[in-house]
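Everything on this sheet refers to the single structure shown next.
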Amino acid sequence: MSTGERWNAMAALVDRSRRALYDYVCRADHPVTREEAAEAHGMSRNLTAFHLDKLVESGLLRAHYGTPADQPRGRGRTPKVYEATGDGVAITVPERRYELIAEILADAVAEDPHDAPEAARRHARRRGQEIGARVRGSGEDLVAQLAGLGFEPEALDDHVLLGNCPFHVLATRQTALVCGLNHAFLAGLVDGAGRADLLPRLAPRPGACCVRLDAAPEH
């Protein structure tokens, strides 16, 4: 799969319903009809057909006309069935958390419309502290929580790299604002979790999170 084809495949899987249908077809041990996929996901047949055909266009599925082996051959037109292309290529769609930053911005505007950016930073840090406190109280590992939030952390000897920005599209449009909120959120998260050994700092990298968790100087 070329780079262009890979990007097309990733774009096709951004829609949650389409991704769910793709996963269903991949897990099935037989070619799947539109009717079967629609029933499995509580979707209309027409919408299911639209998503499945988009997956075929992107090269993730292939389609042909044939009667599934576990169904008797009936009268009328042979149904269209779908199956995975089987090329062994794994497609991973980075996780996004736009609802989180939307809530922070909405609360900030409501609190202080005259200085919403500063209010947003306060709310971002507060939200991070709340989540961090839950992590600390439950004994959960901070890196596991970061993974659950979509940051794709990689713990190294003296720092934690964050391989994905959960706010990617917004960060490309309003970099200073969103990266500042991200930094405040992660600072609050580390603080709430009681991880004095980690120091969030801005360290932008292409295609990754703008924040890195370094070892605090005293540690």
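Hydrogens, waters and symmetry mates are skipped; everything else that's a heavy atom, side chains included, is used.
Salt bridge absent: Glu39 and Arg45 never bring a charged side-chain N and a carboxylate O closer than 4.0 Å. Ion pairing between Asp53 and Arg34 holds under the 4.0 Å rule for side-chain N and carboxylate O.
Interatomic distance, CG of Leu170 versus CG of Leu177, reported as 9.0 Å (0.5 Å rounding). With rounding to the nearest 0.5 Å, the separation of OG in Ser17 from NE2 in His41 is 8.5 Å. Atom-to-atom distance recorded for Arg18:CZ and Leu61:CG is 11.0 Å, nearest 0.5 angstrom. The CG atom of Asn164 sits 11.5 Å away from atom CG of Leu146, with the distance rounded to the nearest 0.5 Å. Once rounded to the nearest 0.5 Å, the distance linking CZ of Phe151 with CZ of Phe185 reads 5.5 Å. One finds the CG atom of Leu149 at 10.5 Å from the CG atom of Leu162 (value rounded to the nearest 0.5 Å).
A search for side chain to side chain contact (heavy atoms under 4.5 Å, CB included) contacts involving Ala102 returns nothing, not counting sequence neighbours. Scored by the side chain to side chain contact (heavy atoms under 4.5 Å, CB included) test, Ala28 finds His30, Val32 as partners (sequence neighbours excluded). Taking Phe50 as the reference, nothing meets the ring pair (Phe, Tyr, Trp, His ring centres under 6.0 Å) condition, with sequence neighbours excluded. Applying the side chain to side chain contact (heavy atoms under 4.5 Å, CB included) test to Val143 and every residue at least two apart in sequence or in another chain returns Asp141, Pro153, Ala155.
Of the possible polar contacts, none joining the Asp214 side chain to the His159 backbone as a donor-acceptor pair under 3.5 Å is found. Under a 3.5 Å cut-off, the side chain of Tyr22 and the backbone N or O of Ala84 do not form any donor-acceptor pair.
Of all heavy-atom pairs between Ala49 and Tyr82, the closest is O-OH, 4.5 Å. Closest of all the heavy-atom pairs between Arg205 and Gly163 is NH2-CA, 4.1 Å. Residues Ala116 and Ala108 come closest through the heavy atom pair O-CB, 3.7 Å. When all heavy atoms are compared, the tightest approach of Cys179 to Leu202 is O-CD2, 3.9 Å. Counting all heavy atoms, side chain and backbone alike, Gly59 lies closest to Thr85 at O-CG2, 2.9 Å. Closest approach of Leu161 and Arg212 over heavy atoms only: CD2-CD, 3.5 Å.
No continuous path of hydrophobic side-chain contacts links Leu186 to Leu156 [ILVMFWY only; heavy atoms under 4.5 Å]. Linking Ile, Leu, Val, Met, Phe, Trp and Tyr residues whenever their side-chain heavy atoms come within less than 4.5 Å leaves Val109 and Tyr98 in two separate clusters.
Residues Leu181 and Arg121 meet the side-chain proximity criterion, which asks for heavy atoms closer than 4.5 Å. Using a 4.5 Å heavy-atom cutoff, the side chains of Val178 and Cys165 are not in contact. Side-chain atoms of Arg127 and Glu103, non-hydrogen and from C-beta on, do get closer than 4.5 Å to each other. Between Leu199 and Val190 the shortest side-chain heavy-atom distance does not fall below 4.5 Å. Side-chain contact between Leu52 and Val56 is absent, with no heavy-atom pair separated by less than 4.5 Å.
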Item to check | Criterion side-chain contact (heavy atoms from CB on, under 4.5 Å) on Val25 and Leu60, from CA distance to verdict | outcome: CA-CA 10 Å; Val25 173; Leu60 290 169; over 6 Å; no

Item to check | Trace of the salt bridge (charged side-chain N to carboxylate O under 4.0 Å, His left out) decision for Glu140 with Arg134 | outcome: CA-CA 8 Å; Glu140 182 183 359; Arg134 291 200 295 269; over 6 Å; no

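Pairs engaging residues 107-117 under the salt bridge (Lys or Arg N to Asp or Glu O under 4.0 Å) rule: Glu111-Arg122 [sequence neighbours left out]. Applying the side chain to side chain donor-acceptor pair (under 3.5 Å) test to pairs two or more places apart or on separate chains, those with a residue in residues 173-196 are Gln129-Asp191, Arg195-Asp197.
The 12-atom threshold is exceeded at NE2 of His64, counting heavy atoms of other residues, nucleotides or ligands nearer than 6.0 Å.
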